[in-house]
Visitor: 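Can you keep this structure in mind? I'll have questions shortly.
Bear in mind that the values here come from a model prediction, so they are computed numbers and not experimental data. So you know, we letter chains A, B, ... as the sequences are listed, proteins then strands, and number each from 1.
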2 protein chains.
Amino acid sequence: MSVGHMGITTEAVVGCEEHVDCGIRDVLDRIGDKWSVLVVVELAQGMRRFRQLQRAVPGISQRMLTLTVRRLERDGLLTRTVHPTVPPQVEYELTPMGHSLTRLVRALADWSLEHRGAIAVARQEWDEANPGSGIR
Amino acid sequence: MSVGHMGITTEAVVGCEEHVDCGIRDVLDRIGDKWSVLVVVELAQGMRRFRQLQRAVPGISQRMLTLTVRRLERDGLLTRTVHPTVPPQVEYELTPMGHSLTRLVRALADWSLEHRGAIAVARQEWDEANPGSGIR
DNA sequence: CTGTATCCCCGCTGATACTG
DNA sequence: CAGTATCAGCGGGGATACAG
């Protein structure tokens with residue numbers, strides 16, 4: 001490995017003065033939960049209403065969708081617009097910061113698609129070499 | 001029915017157009033836990049022994065370090081080398097796939113450092129606008 | 001030093017019922 | 001439609017003790 005990693009990582013490297021955690025836990029605490037990234041990915045395609053979001057994210061409950069969008073709104077990653085109509089109509093849309101997050105999420109998806117095969121193989125081999133280990 | 005170990009994910013790639021999850025949950029289930037990325041970041045700098053890792057990752061317990069490295073080993077992200085010495089000596093090192101994950105983690109860190117200020121502001125404003133909401 | 005084995009708490013999440 | 005309220009279950013993760 002070459003001595004100097006060039007490119008976009010300089011900022012993170014210099015910001016990493018004290019610990020191994022260079023703000024990484026901050027991001028993961030924010031989007032590492034079960035539903036946030038999925039909601040963000042759906043909203044990356046444009047404005048969505050509550051019910052639309054729930055249909056687009058298979059398996060999410062009403063409660064968890066509410067909690068997820070609230071937290072994303074709190075962090076400034078999306079906006080929530082209430083139209084005082086009957087029936088009520090609430091629109092969710094990513095902020096510019098939310099859109100910047102989608103680029104990160106895309107990188108995650110790319111990495112996953114690129115390596116999921118190799119990981120599946122590694123897992124199977126490890127499980128065969130370590131029967132009954134209890135590790136998941 | 002298990003799809004099998006040999007299939008390389010053409011199905012997933014095309015399926016990415018249909019579902020909001022393009023393998024994103026796979027990655028997050030793998031590195032979205034409390035300690036994995038921190039261990040990976042430390043190992044990005046080179047081979048480490050068990051005790052070294054524990055000292056480098058503040059707050060991690062013996063139990064969680066063991067579980068974390070086991071899971072990373074199982075997924076083929078690091079290698080575990082046991083030297084039959086007294087006292088025992090075990091070395092952990094990232095695989096090439098583990099190193100490729102490092103680039104992803106750096107992107108996370110970059111994004112975090114770039115936006116943590118804005119997020120902190122957004123949170124404070126939201127909390128002031130929504131007192132006693134219970135959202136965290 | 002490098003783990004295993006238990007116990008246990010707490011918070012995330014799902015399910016369900018209810019409301020404006 | 002878009003939530004809120006409440007309860008229950010499970011699993012992640014910490015503390016501790018023990019072992020090779």
Side-chain angles (χ1 to χ4, degrees), chain A residues 21 25 28-39 42-43 47-75 78-93 126 129-136, chain B residues 21 25 28-39 42-43 47-75 78-93 126 129-136:
Chain A
D21 181 353
R25 285 258 38 102
L28 290 180
D29 288 343
R30 196 157 288 119
I31 67 162
D33 68 296
K34 193 171 180 179
W35 302 110
S36 290
V37 289
L38 303 182
V39 169
E42 177 61 21
L43 285 177
M47 172 188 298
R48 293 289 188 273
R49 292 174 53 187
F50 189 87
R51 211 69 199 151
Q52 282 183 295
L53 275 178
Q54 190 169 12
R55 280 190 294 265
V57 181
I60 195 171
S61 66
Q62 209 167 32
R63 169 185 150 80
M64 287 315 296
L65 180 54
T66 301
L67 285 177
T68 302
V69 293
R70 282 293 182 288
R71 291 194 275 240
L72 292 173
E73 184 197 9
R74 177 171 180 254
D75 288 342
L78 59 78
T79 58
R80 176 174 174 269
T81 309
V82 181
H83 295 89
T85 60
V86 176
Q89 190 165 334
V90 181
E91 294 174 337
Y92 296 92
E93 193 171 21
W126 196 93
N130 304 77
S133 67
I135 299 292
R136 289 153 200 85
Chain B
D21 181 354
R25 287 259 36 104
L28 289 179
D29 289 343
R30 196 158 287 119
I31 66 161
D33 68 296
K34 193 170 180 179
W35 301 110
S36 290
V37 289
L38 303 182
V39 169
E42 177 62 21
L43 285 178
M47 172 188 298
R48 294 288 188 272
R49 294 177 50 189
F50 189 86
R51 208 72 191 144
Q52 282 183 295
L53 276 178
Q54 191 169 13
R55 280 188 293 263
V57 181
I60 194 171
S61 67
Q62 210 167 31
R63 168 185 149 80
M64 286 317 297
L65 181 54
T66 301
L67 284 177
T68 301
V69 292
R70 279 296 181 288
R71 291 195 275 241
L72 292 173
E73 183 198 8
R74 177 172 181 254
D75 288 343
L78 60 77
T79 59
R80 176 173 173 269
T81 309
V82 181
H83 294 91
T85 59
V86 175
Q89 188 165 335
V90 180
E91 294 174 338
Y92 295 92
E93 192 171 21
W126 197 93
N130 305 75
S133 66
I135 299 292
R136 305 285 173 265

Visitor: For A/Arg55, check side chain to side chain donor-acceptor pair (under 3.5 Å) against everything at least two apart and list the hits.
Guide: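 A/Arg55: no side chain to side chain donor-acceptor pair (under 3.5 Å) contacts found.
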Visitor: Go through the structure and list residues passing side chain to side chain donor-acceptor pair (under 3.5 Å) with B/Asp33, not counting sequence neighbours.
Guide: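 B/Asp33: side chain to side chain donor-acceptor pair (under 3.5 Å) contacts with B/Ser36.
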Visitor: Measuring only between side-chain heavy atoms, which start at C-beta, is A/Val39 closer than 4.5 Å to A/Leu72?
Guide: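 Heavy-atom side-chain distance check passes, below 4.5 Å.
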Visitor: Indicate yes or no: at least one non-hydrogen side-chain atom of B/Ile60 is less than 4.5 angstrom from one of B/Gln54.
Guide: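 With C-beta onward as the side chain, the pair touches.
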Visitor: Estimate the overall bend of the helix from C/dC1-D/dG20 to C/dG20-D/dC1 from the end axes over five pairs each, rounded to 10 degrees.
Guide: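 Both end axes considered, the difference amounts to 40°.
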Visitor: Please list all pairs passing the side-chain hydrogen bond (donor to acceptor under 3.5 Å, both in side chains) test where one or both residues lie in residues 59-73 of chain A, with sequence neighbours left out.
Guide: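 side-chain hydrogen bond (donor to acceptor under 3.5 Å, both in side chains) check on residues 59-73 of chain A returns A/Glu73-B/Trp126.
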Visitor: Pull out every residue in residues 53-63 of chain B that has a heavy atom closer than 4.0 Å to any atom of DNA chain C, ordered by number, or say none.
Guide: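 Correct list: B/Gln62, B/Arg63.
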Visitor: Please evaluate residues A/Leu43 and A/Leu78 with respect to the criterion side chain to side chain contact (heavy atoms under 4.5 Å, CB included), reporting the C-alpha separation (whole Å), side-chain torsions for both, the decisive distance (0.1 Å), and the verdict.
Guide: CA-CA 9 Å; A/Leu43 285 177; A/Leu78 59 78; 3.7 Å; yes
Visitor: Nucleotide range of DNA chain C contacted by chain A, 5' to 3', under 4.0 Å to a heavy atom?
Guide: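 Listing 5' to 3', DNA chain C meets chain A from C/dT13 to C/dG20.
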Visitor: Residues in salt bridge (Lys or Arg N to Asp or Glu O under 4.0 Å) with B/Arg74, at least two apart?
Guide: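 If we apply the salt bridge (Lys or Arg N to Asp or Glu O under 4.0 Å) test to B/Arg74, skipping adjacent residues, the hits are A/Asp127.
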Visitor: Please work out if B/Arg136 contacts a base, only the sugar-phosphate, or nothing of the nucleic acid, heavy-atom cut-off 4.0 Å.
Guide: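 B/Arg136: no heavy atom of the nucleic acid under 4.0 Å.
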Visitor: With the side chain counted from C-beta on, respond yes when B/Leu28 and A/Val37 share a heavy-atom pair under 4.5 Å apart, and no when they do not.
Guide: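 Touching, per the 4.5 Å side-chain cut-off.
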Visitor: Can you name the closest pair of heavy atoms from B/Tyr92 and B/Leu53 and give their distance?
Guide: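 Here B/Tyr92 and B/Leu53 meet closest at CD1-CD1, 4.1 Å.
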Visitor: With a 4.0 angstrom cut-off to heavy atoms of chain A, pull out the first and last contacting nucleotide of DNA chain D, in 5'-to-3' order.
Guide: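 Boundary nucleotides touching chain A, in 5' to 3' order, are D/dC1 to D/dT6.
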Visitor: Could you work out, with side chain to side chain contact (heavy atoms under 4.5 Å, CB included) as the rule, every residue matching B/Val86, not counting sequence neighbours?
Guide: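 For B/Val86 there are no side chain to side chain contact (heavy atoms under 4.5 Å, CB included) partners, ignoring immediate neighbours.
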Visitor: Who pairs with B/Arg48 by side chain to side chain donor-acceptor pair (under 3.5 Å), at least two apart in sequence or on another chain?
Guide: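 Testing B/Arg48 for side chain to side chain donor-acceptor pair (under 3.5 Å), a comparison that skips the adjacent residues, returns B/Glu42.
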Visitor: Return the set of residues passing side chain to side chain donor-acceptor pair (under 3.5 Å) with A/Asp29 (not counting sequence neighbours), or none when no residue passes.
Guide: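 A/Asp29: side chain to side chain donor-acceptor pair (under 3.5 Å) contacts with A/Arg25.
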